[in-house]
Amino acid sequence: MVSTLPVSLEDIRAAARRIAGRVLATPMVQSASLGELAGAPVHLKLEHHQTTGSFKLRGATNAMLSLSPAERSRGVVAASTGNHGRALAYAAKAEGAVATICMSQLVPENKVSEIRRLGADVRIVGLSQDEAQQEVDRLVREEGLMMVPPFDDPDVVAGQGTLGLEIIDTVPEAAIVLVPLSGGGLAAGVAAAVKGISPKAKVIGLTMEKGAAMKASLDARRPVQVEEVPSLADSLGGGIGLDNRVTFAMCRDLLDEIILLTEAEIAAGMRHAYACERQVVEGAGAVGIAALLAGKIVGNGPIVAILSGQNVDMEQHLRVINGTQPLYREEGL
């Protein structure tokens, strides 16, 4: 089945060769506290230690290197909830290209300022990822920029899939892999890599309770729009695109389950990561820990949870840790 999908295991292995030396092979550590809770070994893939603070550098770098020199010279553009923009700005700068990043007003300022620091042209447009994408489409059409999508692109998915290769290389007996789920680039790539090598392993997507576009789309059996709402897991916001070409089909065919998490559960994951694992992670990066703490993961054998990013506003992070951060959607800590 994997061979018929838009991105194959060989595509991912080719991406790994292409980006070698440009991204980090991030550490894997075992969590005694979570293992005791789960009744099985739990390993944490520390992808938030990646150079730009999230897994997005893998896909952005593979996509940049897949462009011809002439295409790179035109400049690249993308819509982003923050982490892809930062990664693309970094990858473009490394290749001597100019990046333009379009974001909605919901993107936290700490992510916006870091993208500007990397030299990208930042455009703040509207209140949703879809509105930011409209500006991307205009720049492609009117100014000839090359679009590097945040997730729905074979080169981006293949780059994210290199994380799955590292997981199976380090924990070949992994029975369950927990993956943050937004537009599906990470989940699709990791699932293709993991199941391509270890078909019996389960890959579970994790996302926030409201505004989960991929979950709504899979339930509807077609890409649909959802209302974007603020969340501690802001990186998981945004739509999947009504004309989705890659990630919808891959998530539909490869993910074994999708689990939704409340804001309170996400906050608990962030607190546990800091207090017990000594890791600073953003809300999206804490969803694997959150699901384990909430007792939502059932299975036998080793579990791998991806800590996908650390690009969190530190003032907000401290409020979460101290229990003084008001949760979104009128939930209380």
Side-chain angles (χ1 to χ4, degrees), residues 24-50 53-55 162-181 186-187 190-191 193-195 197-198 200-208 232-233 235-236 256-312 314 316-323 325 333:
L24 300 178
T26 51
M28 182 88 77
V29 299
Q30 192 164 347
S31 169
S33 60
L34 292 172
E36 182 177 352
L37 181 67
V42 173
H43 303 266
L44 303 177
K45 180 61 169 171
L46 307 186
E47 186 63 13
H48 62 302
H49 289 187
Q50 192 54 256
S54 86
F55 72 94
T162 62
L163 184 51
L165 298 181
E166 290 179 19
I167 287 172
I168 294 301
D169 184 58
T170 308
V171 188
E173 70 280 15
I176 298 175
V177 178
L178 305 178
V179 189
L181 175 64
L186 178 63
V190 167
V194 169
K195 289 180 174 288
I197 300 171
S198 183
K200 293 183 179 180
K202 290 185 177 181
V203 180
I204 298 175
L206 305 170
T207 190
M208 67 281 200
L232 286 175
S235 293
L236 301 184
D256 294 278
E257 186 179 0
I258 295 175
I259 292 175
L260 304 180
L261 296 159
T262 68
E263 294 295 297
E265 289 167 344
I266 294 169
M270 294 172 71
R271 284 197 294 269
H272 180 94
Y274 181 78
C276 300
E277 313 297 341
R278 297 296 185 263
Q279 303 294 331
V280 173
V281 293
E282 58 188 281
V287 291
I289 292 175
L292 289 163
L293 292 175
K296 294 185 173 182
I297 304 300
V298 178
N300 298 319
I303 299 167
V304 176
I306 298 173
L307 277 57
S308 56
Q310 66 174 6
N311 297 324
V312 62
M314 287 308 297
Q316 181 196 64
H317 186 267
L318 289 174
R319 291 194 300 270
V320 172
I321 299 307
N322 294 329
Q325 168 70 27
L333 280 172

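Counting begins at 1 with the first residue of the sequence.
Once rounded to the nearest 0.5 Å, the distance linking CE of Met208 with CG of Leu260 reads 9.5 Å. Rounding to the nearest 0.5 Å places CD1 of Ile289 at 7.0 Å from OG of Ser31. Considering CD of Glu282 and CG of Leu232, their distance stands at 11.0 Å, rounded to 0.5 Å. Rounding to the nearest 0.5 Å places CG of Asn311 at 11.0 Å from CD of Gln50.
A donor-acceptor pair under 3.5 Å is formed between the side chain of Lys195 and the backbone N or O of Ala201. In this structure, the side chain of Asn322 engages the main chain of Leu318 through a donor-acceptor pair within 3.5 Å. Judged purely by atom type and a 3.5 angstrom limit, Ser198 has no side-chain atom pairing as donor or acceptor with the backbone of Val194.
In this structure, a donor-acceptor pair under 3.5 Å is absent between the side chains of Glu47 and Ser308.
With contacts defined as side-chain heavy-atom distances shorter than 4.5 Å, the pair Ile204/Ile258 does not qualify. The shortest side-chain heavy-atom distance between Lys45 and Val177 does not fall under the 4.5 Å cut-off. Residues Leu236 and Leu181 fail the side-chain proximity criterion, which asks for heavy atoms closer than 4.5 Å. The shortest distance between side-chain heavy atoms of Val281 and Val312 does not fall below 4.5 Å. Between Pro180 and Ile306 there is a side-chain heavy-atom pair separated by less than 4.5 Å. Looking only at side-chain heavy atoms (C-beta outward), Ile167 and Met28 come within less than 4.5 Å of each other. For the pair Leu293 and Glu265, the minimum side-chain heavy-atom distance is 4.5 Å or more. Contact check for Leu34 versus Glu36: no side-chain heavy atoms found under the 4.5 Å cut-off.
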Quiz prompt | Evaluation steps, side-chain contact (heavy atoms from CB on, under 4.5 Å), between His43 and Val29 | solution = CA-CA 6 Å; His43 303 266; Val29 299; over 6 Å; no
Self-check item: Arg271/Cys276 under side-chain contact (heavy atoms from CB on, under 4.5 Å): CA gap, chis, key distance, verdict
Solution: CA-CA 8 Å; Arg271 284 197 294 269; Cys276 300; over 6 Å; no
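By the 6.0 Å contact criterion, CD on Glu173 is enclosed, its count of non-hydrogen atoms from other residues, nucleotides or ligands being greater than 12.
Annotation: side-chain hydrogen bond (donor to acceptor under 3.5 Å, both in side chains) contacts of Ser54 (sequence neighbours excluded): none.
Closest heavy-atom contact between Ala267 and Val320: O-CG1, 3.8 Å. Summarising the geometry of Val190 relative to Gly164, their closest heavy-atom pair is CG2-N, 4.0 Å, with the distance given to 0.1 Å. Contact between Ala38 and Leu292 at its shortest, heavy atoms only, is CB-CD2, 4.2 Å.
When each of Ile297, Asn300, Val298 is paired with Ile176, the side chain to side chain contact (heavy atoms under 4.5 Å, CB included) condition holds for Ile297 and for no other. Each of Val287, Leu178, Leu44 was compared with Leu307 under the side chain to side chain contact (heavy atoms under 4.5 Å, CB included) criterion, and only Leu44 meets it. Checked against Gln279 for a side chain to side chain donor-acceptor pair (under 3.5 Å), the options His49, His272, Gln310 give a single hit: His49.
Between Lys202 and Glu257 no salt bridge is recorded (no basic side-chain N to carboxylate O distance below 4.0 Å).
Sorted pairs that involve residues 275-303 and meet ring pair (Phe, Tyr, Trp, His ring centres under 6.0 Å), not counting sequence neighbours, are lacking altogether.
Ring centroids of Tyr274 and His317 are separated by less than 6.0 Å, placing the two rings close together.
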